[in-house]
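Below: one structure, written as C-alpha cells.
Note on naming: letters A, B, ... go to the chains in the order of the sequence lines (proteins, then strands), and numbering restarts at 1 for each one. No hydrogens, no waters, no symmetry mates; every other heavy atom, side chains included, goes into these values.
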Number of protein chains: 4
Amino acid sequence: MVHMNNRSGTETKKRILQVAAEVFAEYGYAEANMRLISRSAGISVGGLYLYFKDKEDLYLTLMNESLDYINQKTRDALKDTHDPIEAITSLITLSVNYAKTNRERILLQGRELGFSFGLEVKKKFFKERRRLIEEIIRDGVAKGVFRSCDPAEKAKIIFSLLRGFVVSIIIDDEALFAAEECLDLILNGLLK
Amino acid sequence: MVHMNNRSGTETKKRILQVAAEVFAEYGYAEANMRLISRSAGISVGGLYLYFKDKEDLYLTLMNESLDYINQKTRDALKDTHDPIEAITSLITLSVNYAKTNRERILLQGRELGFSFGLEVKKKFFKERRRLIEEIIRDGVAKGVFRSCDPAEKAKIIFSLLRGFVVSIIIDDEALFAAEECLDLILNGLLK
Amino acid sequence: MVHMNNRSGTETKKRILQVAAEVFAEYGYAEANMRLISRSAGISVGGLYLYFKDKEDLYLTLMNESLDYINQKTRDALKDTHDPIEAITSLITLSVNYAKTNRERILLQGRELGFSFGLEVKKKFFKERRRLIEEIIRDGVAKGVFRSCDPAEKAKIIFSLLRGFVVSIIIDDEALFAAEECLDLILNGLLK
Amino acid sequence: MVHMNNRSGTETKKRILQVAAEVFAEYGYAEANMRLISRSAGISVGGLYLYFKDKEDLYLTLMNESLDYINQKTRDALKDTHDPIEAITSLITLSVNYAKTNRERILLQGRELGFSFGLEVKKKFFKERRRLIEEIIRDGVAKGVFRSCDPAEKAKIIFSLLRGFVVSIIIDDEALFAAEECLDLILNGLLK
DNA sequence: TATGAATGAGGGTTCATTCAT
DNA sequence: CATGAATGAACCCTCATTCAT
C-alpha cells in the first residue's frame with residue numbers, strides 16, 4: 001500500500017478514533033497495540049502519531065469523547081423535567097438503554113477500572129452523576145413524592161446500581177434487566 | 001542467597017500467593033511482572049515456575065481462592081436462616097462489609113473486568129450468586145413477605161447493585177454507603 | 001500557508017542553509033531532524049527535498065560552504081605577507097579569532113568528529129592547512145628566522161594546537177586563550 | 001543459540017564493555033545500536049539490559065572507566081617527579097603515547113564532542129588536566145627553569161595542543177607527531 | 001528444590017523520505 | 001515550486017519464560 005493521502009486529516013483522525021475504540025474495547029488498554037490499531041485503521045504506524053501524541057493520548061481522547069457524549073445525552077433527557085418520578089425514570093431508562101446499545105463505549109471506560117491515567121476525569125464524571133441523582137431525590141423528598149430519607153446516601157446506592165449494571169454488560173450480556181423492573185424496585189422496594 | 005529451605009514447598013507457595021495478591025491488586029495483571037513478584041516473595045524467578053505453570057496460572061489460582069473464600073463466607077452466613085428478610089439482610093450486609101474490608105481481594109478480580117482468561121470461572125461465580133439472591137426473593141414472595149414480582153429479574157437488579165458497590169470501592173472509596181441504607185431502599189423503595 | 005513565492009528559489013535555499021546550520025550546530029547531525037529544519041525555515045518538509053537530495057546532502061553543502069569560507073579568509077590574510085613571523089602570526093590570530101566568533105560554523109564541522117560522511121572533504125581541508133603551516137615554517141627556516149627543524153613535524157604540532165583550540169571552544173568556552181600568548185609560546189618556548 | 005549461562009555475570013559484563021567500546025568507537029553513540037552491540041558480544045538484547053540500565057548507562061560506564069584509566073596513568077607517571085622539565089616531558093610523552101596506542105578509548109570520548117550527557121564528567125576531567133599542566137609550569141617558573149609567564153594561560157595552550165593531538169588521531173592517523181618534536185617546540189619555541 | 005543469567009519476540013515511538021494534490 | 005499526510009524500517013527497551021548449574 002502506498003500513500004493514501006486522502007488529504008483530509010480530519011477524516012483520517014475520525015477513522016482512527018473509531019477503530020481504536022473497537023480495539024481498546026476488545027483488548028483493553030494494555031493488550032491493545034498500536035500496530036494493530038494502525039492496521040485496522042488502514043494506516044501506517046507512523047500515521048497514528050500524526051494525530052495522537054502517544055497511545056495514552058489516543059485512549060484519553062476516546063474516553064473524554066465518550067464521557068462528554070453521555071453527559072450531553074443526560075442533559076438533554078433531563079431538561080424540562082420537573083417531576084421527580086419522571087426525572088428518575090428518565091435517568092434510569094437512559095442509563096440502561098445507553099448501556100445496552102453502546103457496549104463498546106462502556107468497555108472503553110470500564111475495561112480497566114483501576115486504570116492509572118484518566119482516573120481523575122472519570123472520577124469527576126462519576127461525581128457529577130451522583131450529584132445529579134442526589135438532586136432528583138432531594139427534590140422528590142421536598143415535594144413529598146419520595147419518602148423522607150438521606151438523599152446523598154440513597155443517591156450513592158442508585159449510582160452503584162447503575163454502575164453495576166454497566167459492569168454486567170461488560171462481563172456477561174445476560175445479566176441485563178429491563179429498565180422498568182429496575183424502576184419498580186427503586187420506587188416501591190421489595191416489601192409488601 | 002542459596003536454598004531457603006522452608007519447611008515445605010507448601011509454605012513457599014503460600015507466601016508467593018500472598019505476595020502475588022498484593023502485587024496484582026496494586027498493579028493489575030498486565031502491569032504486574034514476575035520479577036517483582038519473585039523478589040517480593042523472596043524467591044528467584046525460576047522458583048515461581050516451580051509452583052505455577054505461568055503467570056496466568058498464578059493469577060487464576062489466586063482468583064479461584066478468592067472466589068471460594070467469598071462463597072464459603074456466604075454459605076456460612078445463610079445457613080440456618082429461613083426468614084427472607086433476614087436472608088437478604090445477611091447477604092447485603094455481608095457483601096458490603098466484605099467489600100469494605102477486602103479491597104485487595106476485590107481489586108484482584110475487578111482490576112481488569114473484561115479480562116480474557118478466568119472469565120468462565122468468574123461467570124460461573126456470578127451466576128451462582130444471582131441464583132442465590134433469586135431464591136431468597138422467590139422464597140420471600142412465596143411466604144408473602146415480598147411483593148409479587150419476577151424474582152429472576154429483581155435478583156439481577158440487586159446483584160448489579162452489589163456489583164456496582166464493589167466497583168465503587170475500587171475506583172473511589174468515598175462512594176460507599178451503609179448496608180442499612182441500601183437495605184432500606186431495597187426493601188421499601190423510594191415512594192411514600 | 002500556500003506558496004511563499006520568494007523572489008527565487010535561491011532565496012529559499014539560502015534560508016534553509018542558514019537555519020540548518022543553526023539546527024545542526026545545536027543538535028548535532030543525528031539529533032537534528034528534517035521536520036525541525038523545515039519548520040524553522042518556514043518551509044514544508046517536502047520543500048527541503050526540492051533543494052537538497054537528502055539530509056546528508058544538506059549537511060555536506062553546509063560543511064563545504066563553511067570550509068570554503070575559512071580557506072578564503074586564510075588566503076586573504078596571507079597574501080602579500082612575506083615575513084614568516086608575520087605569516088605565522090596572521091595564521092594563528094586568524095584561526096583563534098575565527099574560532100571565537102564562529103562557534104556555530106565550527107560546531108557544524110566538529111560536533112561529530114569521526115562522522116562517517118564528509119570525512120574526505122574534511123581531510124583534504126586539514127591537509128591543506130597543515131601544508132600551509134609547513135610552508136611558512138620552511139620559509140622561516142630558510143630565511144634564518146626560525147631554528148633549524150623538521151618543518152613537516154612542527155607543522156603537525158601547530159596544526160594540532162589550533163585544532164585543539166577549536167575543540168575547546170566546542171566543549172568549554174572558558175578554555176580559550178589569547179592569540180598573543182599562543183604565539184609567544186610557539187615562537188619562544190617555555191625555557192629560559 | 002540457546003542459553004550460554006556461563007554463570008559468571010562479571011565475565012559477561014566485561015565482554016559487553018569490551019565490545020561496546022569497539023562499537024561506540026566505530027559508529028559513535030547515535031549510530032551505534034544495542035542490537036549490534038548485543039550480537040557482537042554474543043549475547044541477546046535483553047542480556048545487555050541485565051548489566052546496564054540503558055544505552056546511556058553503558059556508554060557512561062565505558063567513558064568513566066576510560067577517564068579513570070588515564071587519570072591513574074598520569075598520577076603514576078608524575079609521582080616522584082620534582083623536575084618541571086621532566087614533569088612536562090612525562091605528561092606530554094604519556095599523552096602522546098597513550099593516544100597512539102589507545103585510539104579506541106579516545107574515540108569513545110571524543111566521537112561526539114558536544115554530546116549531551118556525560119559532559120559534566122568530561123569537563124571535570126579536562127579541568128583537572130589543565131590544572132595539572134598549570135602547576136608544572138608554575139613550579140617551573142618558580143624554580144627559574146621556565147621563562148616568566150602566565151602559567152594558567154600557557155597551560156590552556158598546551159592543553160589545547162594535546163587535545164588537538166587526540167582529535168587528530170580520531171580523524172586522520174597520519175597527523176601524528178613524535179613526542180620529542182612536540183616537546184622541543186614547547187620548550188624552545190620556533191625562534192632562533 | 002532453587003537459582004538467576006540468558007533469551008527473543010514484541011511493544012511504543014521516531015524520522016528520513018515520498019508523492020498525490 | 002510547494003505542501004504535508006502518509007509510509008515503514010529501525011530504534012530502544014521490557015518481560016514471560018527457560019535451563020544449565
(request) Please tell me which of C/T10 and B/A30 maps to the more 5' nucleotide of DNA chain F, matching each residue to the nucleotide holding its nearest heavy atom. (result) C/T10
(request) Would you mind pulling out the nucleotide paired to F/dA20, Watson-Crick or G-U wobble, both distances under 3.5 Å? (result) E/dT3
(request) Confirm from the modelled atom types if A/R35 and E/dT13 form a donor-acceptor pair under 3.5 Å, side chain to base only. (result) yes
(message) If you count every heavy atom of other residues, nucleotides or ligands that lies below 6.0 Å from D/Y27 atom OH, does the total exceed 12?
(response) no
(request) Determine the contact category for D/A32: base if any of its heavy atoms lies under 4.0 Å from a base atom, sugar-phosphate if only primed atoms, P, OP1 or OP2 are that close, otherwise nothing. (result) sugar-phosphate
(request) For D/K13 and E/dG4, give me the distance from atom NZ to atom P, rounded to whole Å. (result) 16 Å
(request) Let me know the distance between CG of A/D54 and C1' of F/dC13, rounded to the nearest Å. (result) 16 Å
(request) Return the 5'-most residue of the pair C/V45, A/G46 with respect to DNA chain F, ranking by each residue's nearest nucleotide. (result) C/V45
(request) Determine the interplanar angle of the D/Y59 and D/F117 rings, folded into 0 to 90°, and report it as parallel if under 30°, tilted if 30 to 60°, perpendicular if over 60°. (result) perpendicular
(request) Taking only the side-chain heavy atoms of C/S44 (C-beta and beyond), determine which of F/dA16, F/dG4, E/dA16 contains the nearest atom. (result) F/dG4
(request) Flag this pair as yes if the NZ/CZ of D/K13 is under 6.0 angstrom from the six-membered ring centre of D/F52 and inside a 45 degree cone about the axis; otherwise no. (result) yes
(message) From C-beta outward on B/L50, which listed nucleotide comes closest to its side chain: E/dT1, E/dT17, F/dT17?
(response) E/dT1
(request) Return yes when atom CD of A/E56 has more than 12 non-hydrogen atoms of other residues, nucleotides or ligands closer than 6.0 Å, and no otherwise. (result) yes
(request) Check every atom of E/dT17, E/dT13, F/dT7 against the side chain of A/M34 and return the nucleotide holding the closest atom. (result) E/dT13
(message) Measure CD1/D/I16 against C1'/E/dA6 and give the value in whole Å, please.
(response) 11 Å
(message) Just the rounded figure in Å: distance from C1' of E/dG10 to OH of A/Y27.
(response) 15 Å
(request) For D/K14 and E/dA5, give me the distance from atom NZ to atom P, rounded to whole Å. (result) 16 Å
(request) Might you work through the side-chain hydrogen bond (donor to acceptor under 3.5 Å, both in side chains) test for D/E22 and D/S40, ending with a clear yes or no? (result) CA-CA 10 Å; D/E22 290 167 26; D/S40 305; over 6 Å; no
(message) Between B/S38 and E/dG4, is there a contact of a side-chain N or O with OP1 or OP2 at under 4.0 Å?
(response) no
(request) Report the distance from atom CG of C/L58 to atom CD1 of C/I37, rounding to the nearest 0.5 Å. (result) 5.0 Å
(request) On DNA chain E, check which nucleotide each of A/E31 and D/G47 is closest to and give me the residue with the more 5' one. (result) D/G47
(request) Starting from P on E/dT18, measure out to NZ on C/K55 and report it in whole angstrom. (result) 15 Å
(message) From the set F/dC12, F/dA6, E/dT3, return the single nucleotide nearest to any side-chain atom of D/N33.
(response) F/dC12
(request) Report the distance from atom CG of C/D57 to atom C1' of E/dT17, rounded to the nearest whole Å. (result) 14 Å
(request) Quickly work out the C/L58 CG to E/dC15 P distance and round it to whole Å. (result) 16 Å
(request) Can you figure out which of E/dA2, F/dT7, F/dT14 approaches the side chain of D/Y49 most closely? (result) F/dT14
(message) So B/Y51, base contact, sugar-phosphate only, or nothing? Heavy-atom distance under 4.0 Å.
(response) sugar-phosphate
(request) Using the C1' atom as the reference point in each nucleotide, state the distance between E/dT1 and F/dT21 in Å, no decimals. (result) 13 Å
